[in-house]
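First comes the structure, then the notes that go with it.
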Amino acid sequence: MRLSAYFLPTLKETPAEAQIVSHRLMLRAGMVRQSSAGIYSWLPLGFRVLKNIERIVREEQDAAGCQEILMPTIQPADLWRESGRYDDYGPEMLRITDRHERDMLYGPTNEEQITDIFRHSVRSYRELPKLLYHIQWKFRDEVRPRFGVMRGREFLMKDSYSFDVDKPGAMRAYNKMFIAYLRTFERMGLKAIPMRAESGPIGGDTSHEFLILADTGESEVACHRDFIDADLVASDIDYEGDLQHLVDGFTDKYAATDDERDPAKEKELGDALVIARGIEVGHIFYFGTKYSKSMGAVVAGPDGEETALEMGSYGIGVSRLVGAIIEASHDDAGIIWPESVAPFKVGLLNLKTDDDGCVAACDDIYAKLRGAGVEVLYDDRPERAGVKFADMDLIGLPWQLVVGPRGLKSGTVEVKERKTGERPEMPLETALAQLTA
RNA sequence: CGGAGUGUAGCUCAGCCUGGUAGAGCACCGUCUUCGGGAGGCGGGGGCCGGAGGUUCAAAUCCUCUCACUCCGACCA
């Protein structure tokens with residue numbers, strides 16, 4: 001993409017409404033614009049990141065045997081009356097009346113909707129287990145939206161739902177999601193720590209929150225040092241095998257959110273204790289028959305008797321992750337994208353657009369990179385070098401390929417790694433080989 | 001929902017206390033110089049001062065109401 005044609009409205013100054021670093025950087029980098037409190041439009045750069053995160057989430061869900069569907073944002077109130085949550089959910093739920101005076105709502109989550117689908121479609125235990133998910137916009141009318149996309153009212157969430165005939169089956173699904181979540185966050189360059197959690201309004205008795213560590217996190221958390229070094233992506237996971245020992249390896253270790261911390265246990269850990277700040281990016285629940293019983297979602301078991309479905313639900317805050325990743329990865333100059341979610345891999349900077357040699361070299365590099373399948377943002381604007389450096393650092397692409405008349409004289413370019421700030425000069429061919437590797 | 005703030009140009013803000021021709025920097029347009037880390041000169045365009053009432057000869061400025069947004073707290077993917 002040529003930057004001269006790209007819609008990238010960067011800001012030199014920070015808009016007054018943004019306090020938290022990820023929000024400031026997302027506005028300055030032209031990723032989002034606020035529409036109203038807690039509601040955002042996604043501009044091209046931000047949308048690319050959102051899609052990349054969504055892609056990783058989807059790949060890991062698919063790998064775990066979860067099947068993608070898409071449910072509506074607008075749901076009928078009657079479903080929620082069946083589960084009893086129409087009254088329980090309170091003013092956080094956005095209630096709507098259609099032209100026929102029917103009560104509707106903008107879904108804050110989808111347990112009722114999926115249970116309704118399931119009860120009309122599945123009759124036998126033989127059709128179980130099933131794991132389904134969708135990635136859809138949610139609306140929760142938060143009392144106080146803040147922190148940009150980290151706590152918006154409208155947000156993109158991946159929510160999965162598991163259906164099993166008995167509790168051991170439900171726990172197998174729970175474990176699949178547990179492991180899939182660890183892999184998902186790790187692929188985004190995040191350290192996510194699973195912590196035992198209260199299940200809140202969703203209900204149920206087994207639940208874990210996944211918190212990523214970031215200096216600017218909302219709450220203080222404490223955990224065993226081993227969490228920091230865990231590396232799951234490297235290992236192949238057999239989702240059909242027994243995952244319990246893997247999950248136990250995590251749940252056996254100490255990890256607690258602010259209000260769950262245990263001073264005695266922490267003292268025991270000694271040097272193995274890590275205290276950090278955390279942002280919740282995922283939450284998994286086992287809630288048994290809470291919805292299946294109230295909504296009549298039953299199957300015939302092996303003995304012919306009807307039994308209520310054992311269910312769980314599993315959420316990842318996809319849009320929140322965009323902000324969370326920035327919280328975890330930035331410096332004074334701007335964002336530092338992990339390569340897996342970066343909107344482009346390479347920024348190509350033509351420092352002198354009125355120099356024929358620079359233009360020819362850049363056009364050639366641009367074509368070669370694109371030909372090799374590398375996503376590249378080519379800054380071909382007739383701006384001063386300083387503006388280009390500043391913008392490129394701000395938007396945080398992992399690699400910057402800097403081409404100027406000074407280097408070209410000796411046949412070299414600079415390859416700057418955003419993360420380290422190192423910018424060695426090297427022959428053009430070496431640079432291309434490195435960036436297309 | 002309790003508490004505290006802020007709404008003036010695209011952005012950051014001054015002006016308001018003490019009413020009297022609406023400002024600065026950046027951004028934008030033109031031009032000249034500059035040309036490897038957010039340059040400088042000259043010229044220019046852009047605002048019902050969030051909205052509605054009121055007081056006054058006169059309101060961005062004083063008063064009342066309202067709307068929006070932000071921050072702190074309690075709650076949440």
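Chain A is the first sequence line, chain B the second, and so forth, proteins listed ahead of strands; every chain is numbered from 1.
Side-chain contact check for A:Y86 and A:D78: no donor-acceptor pair (N or O, by modelled atom type) lies under 3.5 Å. At a cut-off of 3.5 Å, with distance as the only test, no side-chain donor of A:E209 or A:S207 sits close to an acceptor on the other residue. Between the side chains of A:Q75 and A:Y106, no donor-acceptor pair is found at a separation under 3.5 Å.
Rounded to an integer number of Å, the gap from A:E154 CD to B:rA77 C1' is 14 Å. The distance from atom NZ of A:K138 to atom P of B:rC76 is 18 Å, rounded to the nearest whole Å. The CG-P distance, from A:D354 to B:rU34, rounds to 12 Å in whole Å. The CD atom of A:E17 sits 9 Å away from the P atom of B:rC11 (whole-angstrom rounding). Rounded to whole Å, the distance from CE on A:M195 to P on B:rA77 is 15 Å. In this entry the distance linking CZ of A:R381 with P of B:rG38 reads 14 Å, nearest Å. Distance A:E142 CD to B:rA74 P: 14 Å, rounded to the nearest Å. The separation between A:E218 atom CD and B:rA74 atom P is 12 Å, rounded to whole Å.
Each of A:L435, A:L348, A:L401 was checked for a side chain to side chain contact (heavy atoms under 4.5 Å, CB included) with A:V376, and the lone residue meeting it is A:L348. The only member of A:L321, A:N52, A:I212, A:V281 that meets side chain to side chain contact (heavy atoms under 4.5 Å, CB included) when paired with A:M188 is A:L321.
At a threshold of 4.0 angstrom between heavy atoms, the contacts of A:A18 with the nucleic acid are absent. No contact: A:V318 has no heavy atom under 4.0 Å from any strand. Counting any heavy atom pair closer than 4.0 Å across all strands shown, A:G152 reaches a base atom. Base engagement by A:R28 is indicated by at least one non-hydrogen atom pair under 4.0 Å involving a base atom.
The side chain of A:V143 sits closest to B:rA74 out of B:rC76, B:rA74, B:rU12. Minimum atom distance to the side chain of A:R146 is reached by B:rC71, of the listed B:rC71, B:rG36, B:rC69.
Only A:G404, A:P405, A:R406, A:G407, A:E414, A:K416, listed by number, bring a heavy atom of residues 404-417 of chain A to less than 4.0 angstrom from any atom of RNA chain B. Within residues 35-59 of chain A, the residues approached by RNA chain B to less than 4.0 Å at the level of any non-hydrogen atom are A:S36, A:A37, in residue-number order. Contacts between residues 384-393 of chain A and RNA chain B, defined by a heavy-atom separation under 4.0 Å, are made by A:R384, A:A385, A:G386, A:V387, A:F389, A:A390, A:D391, A:D393.
Contacts classified as salt bridge (Lys or Arg N to Asp or Glu O under 4.0 Å) and involving residues 171-182 of chain A (residues at least two apart or in different chains) are given here: A:K176-A:E240. Applying the side chain to side chain donor-acceptor pair (under 3.5 Å) test to residues at least two apart or on different chains, the pairs with a partner in residues 425-437 of chain A are A:T412-A:E425.
With P as the reference atom, B:rU8 and B:rU55 are 27 Å apart, rounded to whole Å. For the P atoms, the distance linking B:rA4 with B:rG23 amounts to 36 Å, nearest Å. Between the P atoms of B:rC69 and B:rU12, the separation comes to 16 Å (whole Å). Separating the C1' atom of B:rU56 from that of B:rU66 is a span of 23 Å, rounded to the nearest Å. Across the C1' atoms, B:rC71 and B:rA59 are found 30 Å apart, a figure rounded to whole Å. Using atom P as the reference point in both B:rG20 and B:rG30, the two lie 38 Å apart (nearest Å).
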Could you tabulate the donor-acceptor pairs under 3.5 Å formed by side-chain atoms of residues 148-160 of chain A, not counting sequence neighbours?
| from | atom 1 | to | atom 2 | distance (Å) |
| --- | --- | --- | --- | --- |
| A:R151 | NH2 | A:E218 | OE1 | 2.4 |
| A:R151 | NH2 | A:E218 | OE2 | 3.4 |
| A:R153 | NE | A:A37 | O | 2.8 |
| A:R153 | NH1 | A:D141 | OD1 | 2.9 |
| A:R153 | NH2 | A:A37 | O | 3.1 |
| A:K158 | NZ | A:Q61 | OE1 | 3.3 |
| A:K158 | NZ | A:S160 | OG | 2.5 |
| A:K158 | NZ | A:Y181 | OH | 2.7 |
| A:K158 | NZ | A:Y314 | O | 3.1 |
| A:D159 | OD1 | A:H134 | ND1 | 3.0 |
| A:D159 | OD1 | A:K138 | NZ | 2.8 |
| A:D159 | OD2 | A:Y161 | OH | 2.5 |
| A:S160 | OG | A:Q61 | OE1 | 2.7 |

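For B:rC1, the paired base is B:rG73 (Watson-Crick or G-U wobble, both distances below 3.5 Å). The pairing partner recorded for B:rA39 is B:rU33, the criterion being a Watson-Crick or G-U wobble arrangement whose two distances lie under 3.5 angstrom.
Checked against the 6.0 Å centroid threshold, A:Y174 and A:F285 do not count as a close aromatic pair.
A salt bridge links A:E112 to A:R85: at least one charged side-chain nitrogen sits closer than 4.0 Å to a carboxylate oxygen. Contact check on A:R81 versus A:D103 returns a salt bridge, with a Lys/Arg side-chain nitrogen under 4.0 Å from an Asp/Glu carboxylate oxygen. A salt bridge between A:R187 and A:E60 is present, with a side-chain N of the basic residue lying under 4.0 Å from a carboxylate O of the acidic one.
Counting non-hydrogen atoms of other residues, nucleotides and ligands closer than 6.0 Å to NZ of A:K345 gives a total above 12.
Partners of A:F389 under the ring pair (Phe, Tyr, Trp, His ring centres under 6.0 Å) rule, at least two apart in sequence or in another chain, do not exist in this structure. Considering only residues two or more places apart in sequence or on other chains, A:D331 meets the salt bridge (charged side-chain N to carboxylate O under 4.0 Å, His left out) condition with A:R418. Applying the side chain to side chain contact (heavy atoms under 4.5 Å, CB included) test to A:E68 and every residue at least two apart in sequence or in another chain returns A:R58, A:Y133, A:I135. Taking the ring pair (Phe, Tyr, Trp, His ring centres under 6.0 Å) definition, one finds that A:F147 meets it with nothing, sequence neighbours left out.
Looking at A:V359 and A:N350, their side chains come closer than 4.5 Å, going by heavy atoms from C-beta outward.
The residue among A:T14 and A:V402 whose nearest nucleotide of RNA chain B lies closer to the 5′ end is A:T14.
Looking at A:R140, its side chain has no donor and acceptor atom pair within 3.5 Å of the base of B:rC76. Side-chain atoms of A:R33 and base atoms of B:rG10 include no donor and acceptor less than 3.5 Å apart.
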Practice task
For the pair A:Q113 and A:T115, evaluate side-chain hydrogen bond (donor to acceptor under 3.5 Å, both in side chains) and give the outcome as yes or no after the intermediate values.
Solution key: CA-CA 5 Å; A:Q113 188 82 65; A:T115 303; over 6 Å; no
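In this structure, A:Q34 reaches the B:rU70 phosphate: one of its side-chain N or O atoms is under 4.0 Å from OP1 or OP2.
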Scan nucleotides 2-4 of chain B against the protein and return all N/O pairs shorter than 3.5 Å with their distances rounded to 0.1 Å.
none

Any N/O pairs under 3.5 Å between the protein and nucleotides 22-29 of chain B? List them or say none.
| from | atom 1 | to | atom 2 | distance (Å) |
| --- | --- | --- | --- | --- |
| B:rG25 | N2 | A:E13 | OE1 | 3.0 |

